[in-house]
Amino acid sequence: MSKLNKIKGFSDLFPPQSSVFVFMEEKARQVFKRYGCKEIRIPVLEKTELFARTIGDETDIVQKEMYTFLDRKGRSLTLRPEATAGVLRAYIESQLHSRERVSKLFTFGPMFRYERPQKGRTRQFHQINVEVLGTQAPQADAELLIMLWAYLESLGLSGSLVLEINSLGCPECRPGFHQKLVDFLQALDQDKLCDDCRRRSRVNPLRVLDCKVPTCKSLVQNAPRICDHLCPDCKKHFEAVLSVLEEAGLSYRLNPFLVRGLDYYQRTTFEIVSSAIGAQTAVAGGGRYDGLCKALGGPDVPGLGFACGMERLALLLTDIKEQRMDFYLAVLHEQALNKALLLAQRLRKAGYAGEVSFEVKSVKSQLRLANKLNVKTCLLLGVDEIERGEIVVKDMQTGVQQAVSQDDLEQALGLNLS
RNA sequence: GUGAGUGUAGCUCAGGUGGUAGAGCCCCUGGUUGUGGCCCAGGUGGUCGCAGGUUCAAGUCCUGUCACUCACCCCA
């Protein structure tokens with residue numbers, strides 16, 4: 001093989017895999033529209049500084065996973081590792097907040113992280129992102145989750161998924177909790193923690209709560225829980241979110257150990273997990289990030305949102321059926337080639353989808369092809385038909401065929417389809 | 001960045017102890033004078049990931065290397 005192959009962690013999508021992605025996008029547009037969300041398109045490339053400031057300097061994403069390079073004028077640019085930073089940048093830059101009080105935005109597109117690929121994880125991956133700016137109402141948190149769930153239901157997936165939810169508190173209450181957690185961790189027998197957790201308890205104590213090593217898991221069972229240390233406002237907010245979810249009949253699992261990888265999250269945080277897609281279990285994740293907009297130099301506008309991993313959803317969407325074409329037009333004689341193309345063109349104008357042969361081949365091979373294409377109808381055009389101004393219309397389901405006048409072709413196909 | 005596993009036809013995979021590469025599926029053609037699916041017959045397609053080494057002889061053994069996969073880490 002030549003060296004001109006795709007780079008590690010990037011993928012080419014062909015049918016039927018590509019149609020799964022089309023399906024996910026179509027459903028997203030359909031569902032989000034009902035909640036007043038508007039689709040936006042933003043660049044995949046941004047100034048490196050944007051991500052460093054929003055995601056957090058200490059996170060793995062910024063430390064070692066970004067595709068960062070200098071452009072021809074020596075400016076540091078980065079292929080976006082996530083979408084929220086770019087959406088916020090665009091929101092601030094366009095001064096959208098001055099034109100509407102609440103903005104509900106969604107976008108799809110590729111993200112890039114330089115990680116070791118594995119199941120459910122590639123270097124270029126695709127997300128569906130929704131961001132709601134301009135409200136701190138707990139009803140907004142609840143509605144976002146309800147909408148996300150409705151979307152997953154529209155894909156036919158909700159049955160195998162679980163919503164996990166937690167509150168991370170705010171700059172008011174987090175420091176106090178943080179200190180309690182550090183105290184707790186230091187009081188533990190350090191030898192019993194795994195190597196990573198010994199490091200984490202210094203660098204990022206919240207992450208210890210999330211460790212998968214069984215001994216760490218059990219040690220941490222008695223750790224202080226942030227939900228017990230929320231300030232009155234955060235507590236009230238979180239309870240309000242949960243109560244709407246309950247009233248709406250959306251079941252959830254409280255996960256006091258749920259922390260998120262990006263620094264900007266506060267208060268409500270959540271993940272949708274599946275146990276059927278390998279070690280990377282999250283198909284969607286998100287939460288509230290009230291201070292982010294201001295931190296980026298914008299107005300002090302609260303916000304929340306989620307990202308949904310399309311490759312991970314696709315792992316669950318195995319039996320999406322390709323849409324099939326209406327007709328295949330088989331050409332049986334040189335003299336019929338041009339005429340066939342024009343007839344096919346007429347059918348397409350009438351709204352039918354189909355293909356016409358570009359060359360004369362045996363009836364057998366063309367019917368084989370029509371069968372393989374799974375078309376509803378095969379049309380056959382040879383010299384006999386040309387002479388009489390007719391065309392043969394064959395129903396591939398029943399095998400019944402009939403010569404009709406070319407003038408009545410649209411009508412004949414319509415009858416055939418019904 | 002760390003660990004494990006796997007590289008043979010487009011795909012899924014066979015190829016004891018070394019002896020000049022196979023099956024199924026797919027694709028193409030034919031079995032029908034202008035008729036698909038099922039069946040039957042035939043055909044296309046491989047420098048066995050790559051490079052060295054051992055040997056009379058390497059898909060098979062050794063070394064290196066690359067790629068892919070899964071897992072850790074981390075995350076959607």
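Below, chain A is the first sequence line, B the second, and so on; all start at residue 1.
- In this structure B/G5 sits in a base pair with B/C68, meeting the Watson-Crick or G-U test at under 3.5 Å.
- Among A/Tyr35, A/Phe32, A/Phe306, A/Tyr151, the one residue that satisfies the ring pair (Phe, Tyr, Trp, His ring centres under 6.0 Å) test with A/Phe106 is A/Phe32.
- B/G49 sits 15 Å from B/A58 when the P atoms are compared, rounded to a whole Å.
- Comparing B/G53 with B/A21, their P atoms are spaced 22 Å from each other, to the whole Å.
- Interface remark: the A/Glu115 side chain does not form any donor-acceptor pair with the B/G1 base, using a distance-only criterion of under 3.5 Å.
- Comparing the same atom, C1', in B/U54 and in B/C66 gives a spacing of 23 Å after rounding to whole Å.
- Heavy-atom nearest nucleotides on RNA chain B were determined for A/Ile277 and for A/Lys8, and the one closer to the 5' end corresponds to A/Lys8.
- The NZ-C1' distance, from A/Lys6 to B/C66, rounds to 15 Å in whole Å.
- Within the shown strands, nothing qualifies as a pairing partner of B/C38 under the Watson-Crick or G-U definition with both distances less than 3.5 Å.
- Looking at every heavy atom in both residues, A/Tyr264 comes nearest to A/Thr54 through CD2-O, 3.0 Å.
- Under the rule for a side chain to side chain contact (heavy atoms under 4.5 Å, CB included), the partners of A/Arg75 that lie at least two apart in sequence or sit in another chain are A/Asp71, A/Lys73.
- Among the protein residues, A/Ala370 comes within range of no part of the nucleic acid, since none of its heavy atoms lies under 4.0 Å from any strand.
- As rounded to whole Å, 16 Å separates atom P of B/C11 from atom CD of A/Gln17.
- Relative to the six-membered ring of A/Tyr114, A/Arg123 meets both conditions, a distance below 6.0 Å and an angle of at most 45° to the axis.
- Using a 4.0 Å cut-off between charged side-chain N and carboxylate O, A/Glu164 and A/Arg253 make a salt bridge.
- Here the C1' atom of nucleotide B/A71 and the CZ atom of A/Arg116 are 10 Å apart, to the nearest Å.
- Between the side chain of A/Glu311 and the main chain of A/Arg121, no donor-acceptor pair closer than 3.5 Å is present.
- Following rounding to the nearest Å, A/Glu271 (CD) and B/C74 (P) show an atom-to-atom distance of 13 Å.
- Taking only side-chain atoms of A/Ser362, from C-beta outward, the nucleotide of B/G30, B/A76, B/G34 with the closest atom is B/G30.
- Remark: of the listed residues A/Leu105, A/Leu96, A/Asn129, A/Leu105 is the sole one forming a side chain to side chain contact (heavy atoms under 4.5 Å, CB included) with A/Ile40.
- Applying the 3.5 Å distance criterion, the base of B/C74 shares a donor-acceptor pair with the side chain of A/Arg121.
- Residue contacts for A/Asp384: at a heavy-atom cut-off of 4.0 Å it reaches a base atom on one of the strands shown.
- Within the shown strands, nothing qualifies as a pairing partner of B/G18 under the Watson-Crick or G-U definition with both distances less than 3.5 Å.
- The pair A/Arg41-A/Glu39 meets the salt-bridge criterion, since a charged nitrogen lies less than 4.0 angstrom from a carboxylate oxygen.
- As a whole-Å value, the separation of A/Tyr114 OH from B/G1 P is 6 Å.
- Comparing B/A14 with B/G7, their P atoms sit 8 Å apart, to the nearest whole Å.
- We find that CD of A/Glu131 is positioned 13 Å from C1' of B/A76, with the value rounded to whole Å.
- B/G19 and B/U2 have their P atoms separated by 38 Å, given to the nearest Å.
- Judged by distance alone with a 3.5 Å cut-off, a donor-acceptor contact links the side chain of A/Gln280 to the base of B/C74.
- For B/A71, the OP1/OP2 oxygens have a side-chain nitrogen or oxygen of A/Gln118 closer than 4.0 Å.
- Taking atom P in both B/U33 and B/C27, one finds a spacing of 23 Å when rounded to whole Å.
- When rounded to the nearest whole Å, the span between CZ of A/Arg123 and P of B/A67 equals 10 Å.
- Side-chain atoms of A/Asp60 lie closest to B/C74 of the nucleotides B/A71, B/C74, B/C75.
- Of the candidate nucleotides B/U69, B/C74, B/C73, B/C73 has the atom lying nearest to any side-chain atom of A/Lys64.
- Counting distance only, with no hydrogens placed and no angle test, the side-chain atoms of A/Gln401 and the base atoms of B/U35 include a donor-acceptor pair under 3.5 Å.
- Looking at A/Lys104 and A/Glu143, a side-chain N of the basic residue comes within less than 4.0 Å of a carboxylate O on the acidic one, giving a salt bridge.
- Distance CG (A/Leu379) to P (B/U35): 17 Å, rounded to an integer number of Å.
- Straight-line distance between the C1' atoms of B/U8 and B/G15: roughly 9 Å, to the nearest whole Å.
- When the C1' atom is compared between B/C48 and B/G31, the two are found 36 Å apart, to the nearest whole Å.
- Contact between A/Glu359 and A/Gln366 at its shortest, heavy atoms only, is O-OE1, 4.3 Å.
- Nearest to the side-chain atoms of A/Lys119 among the listed nucleotides B/C73, B/A71, B/A76 stands B/A71.
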- [ ] Sugar-phosphate atoms are those with a prime plus P, OP1 and OP2; base atoms are the rest. Using that split, label each nucleotide of nucleotides 36-44 of chain B B, S or - for protein heavy atoms under 4.0 Å, 5' to 3'.
- [x] BB-------

